[in-house]
Amino acid sequence: MLHTRRTFLVPLPPRQARMTVVTRFAPTPTRFLHIGGARTALFNWLYARHTGGQFLLRIEDTDRKRSTEEAKAAIIDGLEWLGIDWDGDIVYQSERADRHAEVAHAMLEAGNAYHCWCTPEVLQTMRETAKADGRQPRYDGTWRDRDPSEAPDGVDPVVRLRAPREGETVIDDAVQGKVVTANTQLDDMILLRADGTPTYMLSVVVDDHDMGITHIIRGDDHLTNAARQAQIYRAMGWDVPTFAHIPLIHGADGAKLSKRHGALGVDAYRDMGYLPEAIRNYLLRLGWSHGDDEIISTEQAIEWFDLGDVNKGAARFDFAKLDNLNAQYIKTAEAGRLLGLIAPLIEADTGVTPSAAARKRLAAGLDGLRSRSKTILELAENAKIYSSDRPLEFEEKAAVLLDPDARGRLAALRTALEDHDDWTEEALETAVKGHAETQDLKLGLIAQPLRAVLTGRTASPGIFEVMAVLGKDETLGRLADAA
RNA sequence: GACCCCAUCGUCUAGUCCGGUCCAGGACGUCACCCUUUCAAGGUGAAAACACGGGUUCGAAUCCCGUUGGGGUCGCCA
């Protein structure tokens with residue numbers, strides 16, 4: 001754990017001189033790593049890797065009673081699961097409160113900040129009357145030029161920034177372009193609370209500066225904050241980093257992704273059976289593109305990613321497209337990994353640890369299963385036709401298929417198969433088709449009941465493949481169970 | 001409400017900066033057909049968009065203005 005790394009306090013060379021890009025992801029540990037945060041982290045990470053720079057992680061746990069250890073762990077877990085690694089030690093904002101205060105005091109001394117004795121109650125009424133009068137609900141600068149000797153007794157003052165009252169603050173955003181804010185829109189924000197603790201506005205600026213952040217890539221919802229933060233940088237005579245406000249992700253209904261609907265943690269996506277590379281690819285394409293490319297490896301993403309290609313408008317989250325991407329990654333994922341992923345799911349579902357024979361079948365049948373699965377959950381579900389030991393459970397529709405006639409046909413087939421020894425897919429196909437011909441039956445009349453009896457279902461991989469994967473003993477055994 | 005941001009198929013987007021090659025391209029989804037013992041996968045094809053209104057220009061998805069719509073921010077939260 002770190003704690004005020006000295007290096008951060010050493011004055012940094014001017015921006016032009018340190019050509020290395022430094023980005024950061026600065027989540028608040030109040031809940032899990034939600035999908036929007038994941039994308040912000042991804043973009044920061046990608047940009048740092050693309051430029052050969054650094055990607056830092058800062059936990060903004062400036063207490064507030066809401067930060068929890070669980071949330072911190074969940075965020076770190078989420079990042080790790082997504083394959084997003086950070087450079088150096090994690091910076092905990094709460095451990096830097098002294099430095100934040102130090103900066104505020106420096107501003108006080110330089111005259112760029114001042115004490116204000118307005119209580120929250122006074123401020124509250126100030127806002128209310130302003131609103132009632134049709135004015136903006138802002139701090140009116142009561143104590144900006146008032147003599148501190150007039151300070152009321154028994155009130156601890158806050159420290160406010162002496163912000164410029166005229167002119168405008170301009171942000172040259174790498175994504176949004178030039179954003180101009182009239183300084184009259186910005187009031188003198190609080191830097192230090194009455195209890196001496198720093199506010200978010202001060203903390204971010206000080207931390208970003210001390211950490212040498214060159215590019216602040218974050219959600220659009222911070223765009224308005226950028227102007228205010230720029231004022232703090234300027235008051236301290238610091239270089240203002242490059243801002244890049246990326247659009248927010250909206251739910252399928254177009255509304256903001258809120259706690260209420262759809263704002264899930266990345267762990268939820270993992271539990272729904274999505275592969276981290278699919279999530280990464282999907283998130284990457286939400287608001288960013290590289291021509292017509294859709295399937296983009298992480299290596300390519302790092303090579304191609306640039307801020308200039310990030311869109312300005314918000315994008316809606318679409319599970320259908322995520323499913324498609326996930327399916328594509330499942331198709332090419334390494335077999336051992338997939339097997340490892342589904343084993344615990346099958347076990348949890350059936351309460352049985354797959355037997356050695358079952359695992360063998362699973363490995364043999366995996367390729368026929370993956371093209372039929374959009375998620376790991378589906379894969380595990382589909383895999384049960386191989387993992388289950390006899391006797392099988394039958395789906396309603398499969399059971400219906402096994403009427404007396406069908407059972408009779410299967411019994412005949414079983415007898416015919418008993419002497420068959422070449423248990424390869426091709427040979428079995430020839431054998432079963434041959435058998436159907438001698439019985440003068442359409443293949444479907446045999447194949448469908450066969451599928452039902454062998455898998456307990458009406459949909460499965462090719463039936464001859466299933467037979468081959470099952471092996472002779474298991475195939476005949478399952479046949480015997482029902483025929 | 002004020003301020004700020006945004007606006008191409010249902011969705012993600014290419015094209016917009018440096019107007020003409022765009023009666024707008026790709027992907028997902030949808031539909032049809034092919035393949036096929038089932039379900040997928042795969043293949044082929046189809047329907048599907050420049051929000052609206054004004055300009056500027058020989059010419060605008062591309063530039064300007066307005067309207068509408070959507071979003072964000074207005075805390076001694078982060």
Side-chain angles (χ1 to χ4, degrees), chain A residues 26-30 60-62 64-67 93 116 118-120 123-124 127 131 134-138 156-160 171 173 175-177 179-182 184-187 189-195 197-201 203-204 219-228 245 247-248 250 252 254-256 282 285-295 308 311-325 327 331 368-374 378 382 401 429 432-433 436 442-452 455 457-464:
Chain A
T28 311
T30 50
E60 305 216 320
D61 55 350
T62 308
R64 213 52 254 156
K65 259 310 178 257
R66 305 193 318 210
S67 304
Q93 191 162 67
C116 166
C118 288
T119 60
L123 260 17
Q124 175 72 17
R127 274 191 287 270
K131 261 188 177 172
R135 303 195 325 272
Q136 297 307 300
R138 275 187 265 279
D156 290 323
V158 299
V159 175
R160 284 182 184 272
I171 298 298
D173 195 280
V175 170
Q176 304 294 340
V179 180
V180 180
T181 308
T184 50
Q185 293 296 325
L186 277 11
D187 58 7
M189 74 194 107
I190 293 174
L191 267 16
L192 245 34
R193 300 187 185 96
D195 64 3
T197 58
T199 60
Y200 163 76
M201 284 294 176
S203 301
V204 240
D220 221 353
D221 50 341
H222 283 286
L223 187 53
T224 337
N225 288 338
R228 314 186 79 107
H245 289 93
L248 265 19
H250 287 172
K256 189 189 179 186
Y282 180 70
R285 284 287 289 101
L286 229 43
W288 178 88
S289 60
H290 182 269
D292 287 339
D293 294 301
E294 296 288 347
I295 301 289
N311 280 164
K312 296 174 164 189
R316 296 186 191 203
F317 194 92
D318 180 19
F319 272 102
K321 185 141 185 180
L322 208 213
D323 280 349
N324 177 272
L325 269 174
K331 258 181 243 168
L369 259 20
R370 51 209 308 173
S371 66
R372 272 160 260 259
S373 314
K374 288 184 187 305
E378 279 182 29
N382 294 338
L401 227 45
E429 176 164 1
V432 175
K433 280 184 173 168
K442 282 179 68 179
L443 183 58
L445 283 177
I446 287 193
Q448 277 309 93
L450 182 57
R451 182 187 320 285
T455 67
R457 305 181 182 182
T458 52
S460 80
I463 194 61
F464 307 115

> By side-chain hydrogen bond (donor to acceptor under 3.5 Å, both in side chains), which residues pair with A:T184, not counting sequence neighbours?
Replying inline: none
> Along nucleotides 16-35 of chain B, 5' to 3', which nucleotides get a B, which get an S, and which get a -, given that the test is a protein heavy-atom distance under 4.0 Å?
Replying inline: ---------BBBSS------
> Under the side-chain contact (heavy atoms from CB on, under 4.5 Å) test, which residues partner A:S371, sequence neighbours left out?
Replying inline: none
>> Restricting to salt bridge (charged side-chain N to carboxylate O under 4.0 Å, His left out), what partner residues turn up for A:E429, sequence neighbours left out?
In response: A:K433
> Considering residues at least two apart in sequence or located in another chain, which fulfil the side-chain contact (heavy atoms from CB on, under 4.5 Å) criterion with A:L223?
Replying inline: A:D173, A:Q176, A:V179, A:D220, A:H245
>> Tell me every residue that passes side-chain hydrogen bond (donor to acceptor under 3.5 Å, both in side chains) with A:E294, counting only those two or more places apart in sequence or in another chain.
In response: A:R285, A:K321
>> Which heavy atom of A:A252 sits nearest to which heavy atom of A:R316, and what is that distance?
In response: O-NH1, 3.2 Å
> Counting side-chain heavy atoms from CB outward, which of B:C76, B:G72, B:C39 is closest to A:D221?
Replying inline: B:G72
Distances for protein N or O near nucleotides 43-49 of chain B N or O, under 3.5 Å:
none

Could you go through nucleotides 2-5 of chain B and list every protein N or O atom that sits under 3.5 Å from one of its N or O atoms, giving the distance for each pair?
residue	atom	partner	partner atom	Å
B:A2	O4'	A:Q136	NE2	3.2
B:A2	O2'	A:Q136	OE1	3.4
B:A2	O2'	A:Q136	NE2	3.2
B:C3	O4'	A:Q185	OE1	3.3
B:C5	O3'	A:Q176	OE1	3.4
B:C5	O2'	A:Q176	OE1	3.1

>> Roughly how many Å apart are B:C34 and B:G70, using the C1' atom of each and rounding to a whole number?
In response: 43 Å
> Residues two or more places apart in sequence or in another chain: which of them pass ring pair (Phe, Tyr, Trp, His ring centres under 6.0 Å) with A:F317?
Replying inline: A:Y269, A:Y282, A:F319
> Taking only residues two or more places apart in sequence, or in another chain, which ones meet A:R135 in a side-chain hydrogen bond (donor to acceptor under 3.5 Å, both in side chains)?
Replying inline: A:D133
> Listed by chain and number, what are the salt bridge (charged side-chain N to carboxylate O under 4.0 Å, His left out) partners of A:R127, not counting sequence neighbours?
Replying inline: none
> Which value, in whole Å, describes the distance between the C1' atoms of nucleotides B:U21 and B:U62?
Replying inline: 14 Å
>> Checking A:R228 now: which residues fulfil side-chain hydrogen bond (donor to acceptor under 3.5 Å, both in side chains) with it, not counting sequence neighbours?
In response: A:D187
> A:A315 has a side chain; which of B:U13, B:G1, B:G42 sits nearest to it?
Replying inline: B:U13
